Amino acid sequence: MNKQSLPYTIGFTFFISFLFVLFLSFAHHTTAPRVERNREVTRQRSILSALGVETSGPDQIQEAFREVKEIEREGITLFRLDDGETGVYAKEFIGSGVWGPIEGVLAVTGDLARTRGLEIVDQTETPGLGGRITEGWFKEQLRDLRIVEGTIRVAAPGEGDTDKENGKIDAITGATRTSERMGVIFKNELERIASALGVEL
Amino acid sequence: MIDQYFQKQDVMRRLIYALIPLFFFAVLLYGWSVLMQTAVVFAGGIATEYFFTRQRGKKISEAVLVTCALYALALPPALPLWITLVGIVFAVALAKEAYGGFGRNIFNPAIAGRLFIFLSFPVPYNAGWIVPASRGPQGFSGLFGTAQAAGVDTVTAATPLALLRTGEIPPLMDLFLGFRGGSSGESSVILILLAALFLVATKTANWKTMVSTFLGALTAAGAFFFGGLIPGLSPASFPGFSAMVPLAAYMMSGSILFVTVFMATDPITAPNKPLAQFIYGLMIGGVSMTVRTLAGFPEGTSFGILVANTFSPFLDEHLPAPKKKTRKIHPAGAAR
Amino acid sequence: MNAETLLNPFSLFFASIITSNILLSNFLGMCSFIAISKDSSSSNGLGMAVTVVLTVTTAINWLILHHVLIPLDLVYLRFIVFIVSIAAVVQMLEMIIDRVSQALYLNLGIFLPLITVNCAILGVSLFMEIRQYTLLQSVIYGLGSGLGWWLAIMLLSAIRKKTEKSKVSPALQGPGLTMITIGFMAMAFIGFSGMLAVQ
Amino acid sequence: MSSPKEIMRENLWTNNPIFMQILGICSALAVTNLMINTLIMTLGVVFVTAMSNLTVSLMKSLIPRKVRMIVQTLIIAFYVIIVDILLRAYLPDISRALGPYVGLIITNCIIMGRAEAFAQSNPPVLSLWDGVTSGMGYMGVLMTIAFVRELLGFGTVLGFPVLPSGFEPWIIMVTPPSAFFLLGIIIWIGKTIMNKEGATA
């Protein structure tokens, strides 16, 4: 058979493409549930972490997430965890950082008296400076912090404000701009959550 | 060949002379820290240069001394010495020797070194500003720097740019004379002006580049100020002629004048054609002020120089040459 | 969640040229960058060709992604589909330019075959997918990235021309020095970060 | 025909794809700020280079000349998609970190280059070996860059802290310019050694 003839060329190309696509779709469909589960678990892990639920391992995350209810109010999706009092609400956010968007989850109590926690999902801030928003000490500042005058103030640089009643957190040393943007994100998100819950800030 | 060699050295020597008053003033302001910085810079810079020139079988050029002097004067006085060393080694090795040594570098080594350590170590860098000696009724307080004289460890001081950002305008006379925080050698406007006069009078530096750089900076600063884009300085609170005060303070703060006089005029990294030089200057000034005002960095001059360096061969290649008499300044303009 | 709420077309355009330059901050398109940037006229031609192809392919790949791959649940095949569509677009452009104008073909067309393997083209299509741009944003992003690449290659070719005359260490001649030069360029362009951001 | 040992020496050192030809850096330089990402990424490249070399060599007599490049691209894309699917399913965090760069392995000129220059005219097993060693040469250079960047940028090696706590991280190492500088310096040093070898040999 002439391997340079047009029918062979076309036939060969089609056959090889068909074979590849067949194999790839097989590979895709066998792993698809796993990929889907990974994605879910990643998202659930962030939300739970913001809500202050300690988890480890995918199974435990999915188990713990059953307690969380997804609710939608005024077009805003919130995740509610019952704590026997006002409830705790988490909201996924995406805000503008210095280099690019900052994605994360912010959780507050139902009466908006305190924040419950913060988790950063994705960011492209300057590594070692603004990028430190993902570090434990920074996020820990938002753990059960009292919300004063409807906002969270990002004050002078430091290594973590441990006073939970002053409504203030420390900015990151050397990353003034990222810290400022975080302040803006907190303010916007608190307002959004307040309007969704119908609570005065 | 020999002629050219000596001429080059002449230029370099005159530059060093012009920097000496700035150096003494820096010692007056900050004392030992400046002496230490300078010693480390020169030792590191000369050693690095020696390492490379030895392989090429050449002598150390005097240009490296200028690089060292400019770099040392452009640093925060209390920068940790090992960081200083990293910067000068980087400057000489990568910005200069990689390109084949003296006269061939594309990027200004002193600026490249400063920017490298600024980007690497922003936290220690910004903690390196200390309180300078000040001018008072009883004369200078603390000849060797206030902090050291008072027996205190280094005290971080706010630079004028940081003050301006909070809306506070430092006294213009202090800015003019140079009694303010900042890099060791950048502060005294009057000394920089005198050095500029000396450099222009001895034809060491091109006055046109200085003017176009200044113009670029002033235009950008003016536009940002009246556009209300400078944080802390609202044009509304300075009606009419009083707007000159914050604008002058903005221009006298940071290292824009130092860079205009000493870095923008570096003939090796600047383009050769007059029109290209003019645009190059505008670019340095404009980019410096843009970065200072709009980007997340406290000072934009290093970026201004480096961006303009990047454009310099491009400008030279694509802008038209003047009709006649261009041959004179041909070989990298180093003869000026 | 979508990034579109954050980005107006204007800032996306400038960000993709300057602050998030596809070459200087995403390292893409380097092979042809290094091979070609020796002289300015071919750099110019290649830059132009990349800009055109980027704009067109990003738009076409967006349409394919949103109207074919996503509805048919075939997103996992996007690498193959994107690269084939890029190859096809390049081939078609080459044919069209050849018919339309010989001068344009010599300036632009001869660089087209190089472009299929230019990672910047595929890279922009992949970023467009990951960042979930709208069609308008994708076109702007493609155009801006192309212009940014063009600018970078023109600057570099001028610098290379100047450094070629100097006696650089033989070990560093060519690619080595080019890498260091790109390093300095990238360092200079960091200055604009924080003014505008893409992504 | 070269012996396997010669092929290895050529691909790892004297004709290293990055040193000598500066090929294929685009797709991987961006991920060299962390060693683990670089490792996974370059392992992917080794896998794709090896397998596509093998496949091209096995099928070389079947491929019509007219569509040779397209078929090669298809083969490469096929293996890249497999890598992508595997990463998504089994290493979701790294898959996220690598982002679009996995896909860009397709345009890595090394792979196409080896398929064209070697596999097209050599027997399958030798082609496989050529692919593995080319990929390893590539991996070696990039891992060196990643090692320096991670060590100085974060003070860690493969995520384990190795430097004393007083260590001041070099933030520039985490940003793009450092990758260019380091690659330039590595080429500089490598070629200097090579030139000396050449002079003595």
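Labels below follow one simple rule: chain letters A, B, ... track the order of the sequence lines, proteins then strands, and each chain is numbered from 1. In what follows, every heavy atom counts, from backbone to side chain, and hydrogens, waters and symmetry copies are set aside. Remember, it's a predicted structure, so these values are computed and weren't measured experimentally.
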Asks: Which value, rounded to the nearest 0.5 Å, describes the distance between B/Ile106 atom CD1 and C/Leu156 atom CG?
Replies: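 Interatomic distance, B/Ile106 CD1 to C/Leu156 CG, rounded to 0.5 Å: 10.0 Å.
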Asks: Check B/Thr310 against C/Ile159 and note the closest heavy-atom contact, atom names and distance.
Replies: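 Looking at all heavy atoms of both residues, the closest pair is O-CD1, 3.7 Å.
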Asks: So for atom OH, which belongs to B/Tyr50, do other residues, nucleotides or ligands contribute more than 12 heavy atoms lying within a distance under 6.0 Å?
Replies: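 For B/Tyr50, atom OH is not crowded (no more than 12 foreign heavy atoms under 6.0 Å).
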Asks: Supply the atom-to-atom distance B/Asp316 CG to C/Lys162 NZ, rounded to the nearest 0.5 angstrom.
Replies: 7.0 Å
Asks: Side chain, backbone, both or neither: which part of B/Phe118 has a non-hydrogen atom closer than 4.5 Å to chain C?
Replies: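 Interface part for B/Phe118: neither.
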Asks: Examine whether an atom of B/Ala95 lies under 4.5 Å from a heavy atom of chain C, and if so say whether it belongs to the side chain, the backbone or both; otherwise answer neither.
Replies: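 Both parts, backbone and side chain.
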Asks: With under 30° as parallel and over 60° as perpendicular, where do the rings of C/Phe189 and B/Phe311 fit, or are they tilted in between?
Replies: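 Rings of C/Phe189 and B/Phe311: parallel, as their planes differ by under 30°.
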Asks: To the nearest 0.5 Å, tell me how far C/Leu155 CG sits from B/Ser312 OG.
Replies: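 Reported value, rounded in 0.5 Å steps: 10.5 Å.
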Asks: Grab the two heavy atoms, one from B/Tyr99 and one from C/Thr163, that are nearest each other, plus how far apart they are.
Replies: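 Nearest heavy atoms, B/Tyr99 then C/Thr163: CD2-CG2, 3.6 Å.
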Asks: Answer with side chain, backbone, both or neither: which region of B/Phe116 has an atom nearer than 4.5 Å to a non-hydrogen atom of chain C?
Replies: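 Both parts, backbone and side chain.
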Asks: Mind listing the closest non-hydrogen atom pair of B/Leu94 and C/Phe184 along with its distance?
Replies: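 Minimum heavy-atom separation between B/Leu94 and C/Phe184: O-CE1, 3.8 Å.
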Asks: Work out which heavy atom in B/Leu115 is nearest to a heavy atom in C/Met187; give both atom names and the distance.
Replies: CB-CE, 3.9 Å
